[in-house]
Amino acid sequence: MENVIPPHYNPKETEGDIYRMWEESGFFDPDKLPQKNGKPFSIILPPPNVTGTLHMGHALMLTIEDIMIRFERMRGKKTLWLPGTDHAAIATQSKVESIIYKEEKKTRHDLGREEFLKRVEAFAQRSHDTIVEQMKKMGASVDWSREAYTLDEKRNLAVRTAFKRMYDAGLIYKGKRIVNWDPKLQTTVSDDEVEWIEEKTPFYYLKYGPFTIATARPETKFGDKYVVLHPDDPRYKKYSHGEKLDVEWINGKVTATVIKDPVIDMEFGTGAMTITPWHDMTDFDIAKRHTLDFEQIIDENGKLLPIAGEFTGVHIKKARPLIVGKLKEKDLVEKIDEAYAHRIATNSRGGGVIEPQIKEQWFVAVEKEFEMENSKIEGIRTGDTVTLKKLMRHVVESKQIKIIPEHFEKIYYHWIDNLRDWCISRQIWYGHRIPVWYCTANEKIKVRNEKCDEPIVSIEDVTECPHCSGGVLQDPDTLDTWFSSGLWTFSTLGWPEETNDLKTYHPTDVLETGYDILFFWVARMILMSTYLLGEVPFRTVYLHGLIRDAEKKKMSKSKGNIVDPLDLGEKYGTDALRFGLIFGTAPGTDIPLSEDKIRGMKHFANKLWNIARFVLTNIDSIDFEKTYKDLSAKTDADKNIIKKLNAAVLETSNNLERYNIHEAAQSIYSFVWHEFADNYIEASKPQLANPELSENTKEILGVTLATIIKLLHPFVPFRRIDIHPRGIHISHIPASNPVASFLSSRRPQARAENAPGSYVCRRNGICHCRDFRRILLPRR
RNA sequence: GGGCGCAUAGCUCAGUGGUAGAGCGUUGCAUUCACAUUGCAAAGGUCGUAGGUUCGAUACCUACUGCGCCCACCA
């Protein structure tokens with residue numbers, strides 16, 4: 001037989017063609033799979049942000065999910081992996097804002113809402129196209145026909161429906177709360193998006209009547225008329241709660257009221273502090289607790305308001321030295337500690353220093369009790385009184401959602417227990433506009449109804465006030481990006497419509513993502529799904545670790561240590577990249593990315609190539625109907641390899657079934673290299689020369705090769721064997737590509753021999769045939 | 001301050017109640033024989049310390065030491 005196999009595996013020659021062949025086969029779409037009646041298995045892809053390109057974390061995510069999906073598809077399940085992308089509201093907006101500013105020196109306000117959104121959408125589209133290409137390069141077997149976008153029409157309907165249902169149930173409300181305000185980007189920022197930066201600031205000890213108070217921010221102190229003390233502090237025993245004193249302050253005399261509250265740390269500073277409830281979280285809480293007055297000192301642009309007297313209109317940054325100067329003049333400064341280490345809140349989305357403000361915002365009430373409708377959750381019946389927090393905790397506690405690795409369950413509970421109402425409004429333009437309208441009719445219109453003061457919450461666009469037919473204005477704010485991604489497991493399946501997909505694939509089986517978004521996203525999906533559908537969004541949460549650089553540092557643009565997954569894929573082949581990413585890495589543990597390891601896995605890819613090369617040049621055909629169970633041993637080497645092959649199949653399948661991906665990879669790796677190649681192939685050489693053993697040895701070689709290719713398929717899918725009358729091709733598709741056309745004919749019962757060009761193996765692209773299932777364990 | 005985790009080969013990491021594993025690195029051998037884009041082999045570990053449970057502990061429990069992460073946000 002003519003040997004046309006080159007000695008080195010060249011992934012570039014084949015990967016693109018193989019992906020195209022998969023797409024043509026249609027098997028990524030579960031409706032087109034031969035096993036129409038298989039049990040469903042579904043994963044919804046965590047949608048990458050349309051902020052540019054994929055990074056290593058995405059490559060890892062795609063690899064793990066593709067392994068799970070291909071494994072289940074091979075086992076005969078009706079397998080859906082649904083892809084999509086995320087508009088990532090604030091991240092995308094600030095990215096585009098900074099590009100526009102860099103190139104044209106214009107802000108979004110210079111362009112106006114409409115023009116700016118056009119620019120963002122164009123950018124998002126470009127990012128999307130890049131991401132899709134990159135996903136294909138990674139070999140992701142997602143069903144492109146069901147692709148979704150968090151901001152497309154269907155998802156918009158889902159968002160509005162969810163908002164209205166929660167509003168009507170009293171779980172969404174508008175309220176005044178202190179929020180993280182970013183004066184630079186002119187928006188609120190969620191607690192999770194705040195980044196704390198260590199800084200040394202002077203720490204001022206100021207005389208406040210008989211007290212000395214310590215502060216790092218004298219510029220906020222104008223309105224301070226409450227001095228807070230610990231009730232047990234012996235130094236301040238003679239002052240009682242509620243006592244009023246006149247004190248000399250920045251702009252003259254103020255009447256100070258003594259408040260006793262145990263939140264005060266007696267050890268810190270002087271044990272006495274004055275509060276600024278409008279601009280400080282802790283102060284806000286204290287003021288609420290004692291029903292004190294709130295007064296705004298700083299405006300939305302970071303400038304002082306008239307309460308600051310002569311400093312009115314001065315930006316707080318400039319105001320500090322001026323105010324300190326005045327305090328010194330008045331002899332109110334006792335001392336200044338220059339070496340005080342302080343943490344400053346900043347907006348991690350490329351914004352400025354956070355200045356807390358009290359603002360009207362939309363919130364989701366997580367502790368408000370309501371009656372559960374339509375519950376499919378075990379342990380919670382329809383009509384039970386619950387809270388969103390309780391639902392979120394319950395489904396994990398009762399193991400209806402299992403988190404891998406398990407210890408993240410504890411972290412999840414801790415987070416839930418400390419959870420406060422979720423602020424869902426954002427003062428940015430890119431995203432889902434809040435589906436609320438306000439009546440703009442003024443007093444001149446006689447028909448104005450009392451109800452006109454109520455916000456109009458609607459799924460459809462509102463053009464006039466339903467009460468007075470006056471004009472309306474939509475709330476200018478947009479929703480937190482996690483509001484729409486919270487709906488992701490079911491909005492992608494067609495909700496609120498009762499689609500077949502929703503019935504078939506929800507709850508989904510696995511949600512696989514990085515542990516860094518357990519709170520941002522995973523928890524919010526659990527909230528949304530349990531409330532809106534009365535069921536869990538997924539049964540298993542698989543959390544992968546974060547990819548770090550060789551020095552174990554987080555990859556970030558500012559550090560310049562980003563490694564592009566596609567570069568590595570290009571250099572070593574996608575299979576090597578995929579195997580390297582998952583080999584020896586446990587879930588939930590960070591992975592220092594070493595190029596050496598990927599290179600090592602390329603050796604494995606090449607080893608595999610040469611194993612196939614040896615086997616295929618020594619045999620004439622492979623009977624793909626046979627499995628390892630049909631093999632018989634004539635020598636000790638035969639006996640050993642059959643036993644080990646058997647064990648490798650079991651171990652790999654068992655481990656994959658339990659989502660022990662790295663262990664499954666280890667089993668198959670060590671079998672392929674250290675049993676099959678090192679031992680059996682060596683032993684087979686004399687056996688092949690012996691006429692009595694030759695035929696049986698060929699059969700063992702062929703079946704073992706076919707089995708390992710199948711076992712490896714979920715991990716390294718870019719391999720196929722074609723046996724052609726004129727030679728044997730591994731990982732090579734002739735230009736005419738009859739295999740692809742055979743696959744697309746979707747005749748699983750058709751015998752291999754009937755295939756065009758007498759291709760013996762037709763199944764290495766998408767493994768769907770009976771024998772693939774037979775080599776793997778049936779589901780428990 | 002609250003919570004979670006880690007400590008295993010020179011490096012980076014898997015793993016297990018009963019002979020300790022991988023990648024890279026190191027050393028030696030091998031080039032018409034499937035594999036130089038390499039292969040084969042070797043060296044290298046009292047599995048952080050001290051107690052406990054157990055017939056048996058690197059693994060389970062406790063304490064300690066040293067690291068790391070998350071949350072809270074101290075005026």
Side-chain angles (χ1 to χ4, degrees), chain A residues 3 5-11 191-192 194 196 203-206 213-218 220-221 224 227-228 263-276 280-283 285-286 340-345 354 356 405 407-415 417-420 515-516 518-519 545-546 548 550-552 554 571-573 576 579-580 582-618 660 662-663 665-666 669-670 673-674 677-678 681-682 684-685 701 730:
Chain A
N3 184 0
I5 310 168
H8 302 297
Y9 172 51
N10 183 357
D191 289 348
D192 312 300
V194 171
W196 294 87
F203 197 51
Y204 304 90
Y205 287 77
L206 306 176
I213 57 145
T215 181
R217 305 202 57 196
T220 65
K221 292 286 165 196
D224 289 9
V227 59
V228 189
V263 290
I264 294 292
D265 179 358
M266 288 185 270
E267 308 292 311
F268 189 81
T270 58
M273 74 167 183
T274 59
I275 57 169
T276 315
D280 186 281
M281 304 283 176
T282 319
D283 296 1
D285 288 341
I286 295 171
Y340 178 62
H342 184 69
R343 290 175 64 189
I344 294 171
I354 301 294
H407 74 257
F408 276 99
E409 290 179 4
K410 289 184 205 162
I411 299 174
Y412 175 81
Y413 297 140
H414 187 249
W415 181 80
D417 294 341
N418 292 305
L419 184 63
R420 293 190 294 179
Y515 67 77
D516 53 329
L518 177 64
F519 308 136
L546 272 34
R548 301 185 173 254
E551 273 78 50
K552 296 167 82 175
K554 266 188 189 168
K571 211 162 157 189
Y572 302 110
F579 216 69
I582 56 106
F583 199 82
T585 60
T589 307
D590 289 353
I591 303 163
L593 180 76
S594 95
E595 195 169 327
D596 282 345
K597 190 165 155 196
I598 309 290
R599 189 153 42 85
M601 291 308 154
K602 188 188 160 194
H603 295 161
F604 178 64
N606 196 52
K607 187 75 180 175
L608 192 59
W609 173 274
N610 279 295
I611 286 168
R613 187 163 172 252
F614 172 81
V615 172
L616 297 180
T617 46
N618 281 291
N660 281 337
H662 56 294
E663 288 178 64
Q666 295 261 14
Y669 178 95
S670 83
W673 204 310
H674 302 301
D678 289 358
I681 286 188
E682 290 313 313
S684 75
K685 286 172 186 173
L701 285 171
I730 315 171

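Chain letters run A, B, ... following the sequence lines, proteins first, then strands; residues in each count from 1.
Here the P atom of nucleotide rG21(B) and the NE2 atom of His674(A) are 11 Å apart, to the nearest Å. Remark: P of rC69(B) and CD1 of Ile591(A) are 17 Å apart, rounded to the nearest angstrom. Residue Arg599(A) contributes atom CZ, which lies 8 Å from atom C1' of rC24(B) at whole-angstrom precision. Between Asn418(A) atom CG and rG1(B) atom C1' there is a gap of 12 Å when expressed in whole angstrom units. In this structure, Ile411(A) atom CD1 and rA72(B) atom P are separated by 14 Å, rounded to whole Å. In this entry the distance linking OH of Tyr572(A) with P of rC24(B) reads 11 Å, nearest Å. Atom pair Phe604(A):CZ and rC24(B):C1' shows a separation of 17 Å (rounding to whole Å applied). Atom CG in Asn606(A) sits roughly 10 Å away from atom C1' in rA36(B) (whole-Å rounding).
A heavy-atom distance below 4.5 Å is found between the side chains of Lys221(A) and Thr276(A). Inter-residue side-chain proximity for Lys602(A) and Phe579(A) is flagged as unmet; no heavy-atom pair is nearer than 4.5 Å. Residues Ile344(A) and Trp196(A) form no side-chain contact, since every pair of their non-hydrogen atoms from C-beta on lies 4.5 Å or further apart. Taking 4.5 Å as the limit, every side-chain heavy atom of Met601(A) sits out of range of all side-chain heavy atoms of Tyr572(A). In this structure, the side chains of Pro587(A) and His662(A) come closer than 4.5 Å at one or more pairs of heavy atoms. Lys597(A) has its side chain within reach of Thr585(A): a pair of non-hydrogen atoms, C-beta onward, lies under 4.5 Å apart.
One P atom belongs to rU49(B), the other to rC11(B), and the distance between them is 16 Å to the nearest Å. Taking atom C1' on both nucleotides, rC24(B) is separated from rU38(B) by 16 Å, rounded to a whole Å. Across rG15(B) and rU53(B), the matching C1' atoms stand 23 Å from one another, rounded to whole Å. Across the P atoms, rU27(B) and rG10(B) are found 16 Å apart, a figure rounded to whole Å. Rounded to a whole angstrom, the distance from the P atom of rU16(B) to that of rU58(B) is 16 Å. Remark: the separation of the P atoms in rA75(B) and rG66(B) is 28 Å, to the nearest Å. Separation of the P atoms belonging to rC69(B) and rG44(B) is 35 Å when rounded to the nearest angstrom. The P atoms of rC47(B) and rA7(B) are separated by 14 Å, rounded to the nearest whole Å.
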Please list, pair by pair, any protein nitrogen or oxygen found under 3.5 Å from a nitrogen or oxygen in nucleotides 28-34 of chain B.
unit_1, atom_1, unit_2, atom_2, d
rA34(B), OP1, Lys685(A), NZ, 2.9
rA34(B), O3', Arg613(A), NH1, 3.3
rA34(B), O2', Asn610(A), OD1, 2.9
rA34(B), O2', Arg613(A), NH1, 2.6
rA34(B), N6, Glu682(A), OE2, 3.2
rA34(B), N3, Asn610(A), O, 3.1

Between the protein and nucleotides 13-18 of chain B, list every N/O to N/O distance that falls short of 3.5 Å.
unit_1, atom_1, unit_2, atom_2, d
rC13(B), OP1, Lys552(A), NZ, 3.2
rC13(B), O2', Gly584(A), O, 2.7
rA14(B), OP1, Thr589(A), OG1, 3.4
rA14(B), O3', His662(A), NE2, 3.3
rG15(B), OP1, His662(A), NE2, 3.0

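Residue order along RNA chain B, read from the 5' end via each residue's closest nucleotide, puts Gly600(A) first among Met266(A) and Gly600(A).
Residue Lys554(A) is in sugar-phosphate contact alone, with no base atom involved, counting any heavy-atom pair closer than 4.0 Å across all strands shown. Using a 4.0 Å heavy-atom criterion, one finds that Asp265(A) contacts the bases of the nucleic acid, with or without backbone contacts as well. At a threshold of 4.0 angstrom between heavy atoms, the contacts of Thr215(A) are confined to the sugar-phosphate backbone, with no base atom among them. If you check every strand for non-hydrogen atoms under 4.0 Å, Phe408(A) touches nothing. Counting non-hydrogen atoms under 4.0 angstrom, Asp280(A) reaches the backbone sugars and phosphates but no base. Nucleic acid contact class of Gly271(A) (heavy atoms, under 4.0 Å, all strands): base.
Of the listed nucleotides (rG5(B), rA75(B), rG2(B)), rG5(B) has the atom at the smallest distance from the side chain of Lys410(A).
Contact check, Arg420(A) against rC73(B): a side-chain N or O comes under 4.0 Å of OP1 or OP2. Put simply, Lys602(A) has no side-chain N or O that comes within less than 4.0 Å of OP1 or OP2 on rU38(B). The phosphate of rC40(B) (OP1 or OP2) has a side-chain N or O of Trp673(A) nearer than 4.0 angstrom. The side chain of Tyr669(A) contributes an N or O atom lying less than 4.0 Å from OP1 or OP2 of rG23(B). Contact annotation: His603(A) reaches the phosphate of rC24(B) (side-chain N/O to OP1 or OP2, under 4.0 Å).
Although no hydrogens or angles enter the test, the distance criterion places a donor-acceptor pair under 3.5 Å between the side chain of Asp280(A) and the main chain of Asp283(A). Side chain of Lys607(A) to main chain of Ala677(A): no donor-acceptor pair is present (N/O by atom type, distance under 3.5 Å, no hydrogens or angles).
The line from CD1 of Ile582(A) to CD of Glu663(A) is 11.5 Å long, rounded to the nearest 0.5 Å. Note that CD1 of Ile213(A) is 3.5 Å distant from OG1 of Thr274(A), once rounded to the nearest 0.5 Å.
A donor and an acceptor atom, one from each side chain of Tyr515(A) and Asp590(A), are located under 3.5 Å apart.
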task = Report the C-alpha distance between Arg548(A) and Leu593(A) in whole Å, list the side-chain angles of each, state the deciding distance to 0.1 Å, and finish with yes or no for side-chain contact (heavy atoms from CB on, under 4.5 Å).
result = CA-CA 6 Å; Arg548(A) 301 185 173 254; Leu593(A) 180 76; over 6 Å; no
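Cation-pi check for Lys685(A) over Phe614(A) is met; the charged atom lies under 6.0 angstrom from the ring centroid and within 45 degrees of its normal.
The aromatic rings of Trp673(A) and Tyr669(A) sit tilted relative to each other, their planes meeting at an angle between 30° and 60°.
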query = Could you spell out the base pairing of RNA chain B in dot-bracket, with Watson-Crick or G-U pairs whose two distances are under 3.5 Å, [ ] crossing and | to another strand?
reply = (((((((..((((....[..)))).(((((.......))))).....(((((..]....))))))))))))....
